[in-house]
Amino acid sequence: MKKGGWQRSLIDATVLWMAVFPAIKVLADLVRARSLDLSGAGYFWAFAFRGSWTDIAFNLGYLAVFVGLTAALLRFSGKTLFS
């Protein structure tokens with residue numbers, strides 16, 4: 001393991017999932033609807049995190065789990081994504 005804390009791993013994982021998670025969510029919605037109509041999507045994150053407050057809470061929970069697991073993998077493997 002590299003010397004240091006979790007900061008670098010958390011930052012790398014957060015940057016990675018902040019870009020990937022909405023793209024996965026939007027792609028899944030487009031495939032489900034079989035449509036490429038993004039006319040109501042003025043802002044990428046707003047389009048990915050729409051719905052009821054419960055849906056938004058679950059999406060943010062999933063995002064937190066993915067970030068945590070990715071940060072742990074990066075930390076214990078001693079690797080960085082963006083250096």
Side-chain angles (χ1 to χ4, degrees):
M1 276 190 280
K2 286 178 18 175
K3 194 174 182 180
W6 285 80
Q7 293 86 3
R8 181 65 190 193
S9 298
L10 280 174
I11 291 170
D12 284 352
T14 302
V15 168
L16 172 72
W17 283 106
M18 295 266 307
V20 172
F21 188 78
I24 292 170
K25 179 85 168 130
V26 169
L27 182 63
D29 288 346
L30 291 176
V31 168
R32 188 177 318 125
R34 295 182 185 201
S35 169
L36 293 175
D37 181 22
L38 292 176
S39 61
Y43 184 60
F44 189 60
W45 273 90
F47 185 71
F49 290 98
R50 69 191 185 286
S52 68
W53 286 107
T54 306
D55 294 337
I56 294 170
F58 276 116
N59 285 335
L60 291 175
Y62 287 138
L63 186 61
V65 168
F66 293 147
V67 166
L69 290 174
T70 305
L73 285 172
L74 290 172
R75 172 73 175 120
F76 291 121
S77 70
K79 304 213 182 277
T80 61
L81 293 177
F82 310 104
S83 58

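Keep in mind the model is a prediction, meaning the values are calculated, not measured. We use all heavy atoms of the structure for the numbers below, so side chains are in, but hydrogens, waters and symmetry mates are not. Just so you know, residue 1 is the first one in the sequence shown, and it goes up from there.
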Straight-line distance of Leu74 CG to Trp6 CH2, nearest 0.5 Å:
9.5 Å

Considering all heavy atoms, the nearest Ala71-Ala13 contact:
N-CB, 3.6 Å

Within one Ile-Leu-Val-Met-Phe-Trp-Tyr cluster: Leu10 and Phe76, side-chain cutoff 4.5 Å
yes

Identify each donor-acceptor pair in which a side-chain atom of residues 61-69 lies under 3.5 Å from a protein atom, sequence neighbours left out, and give them as a table.
none

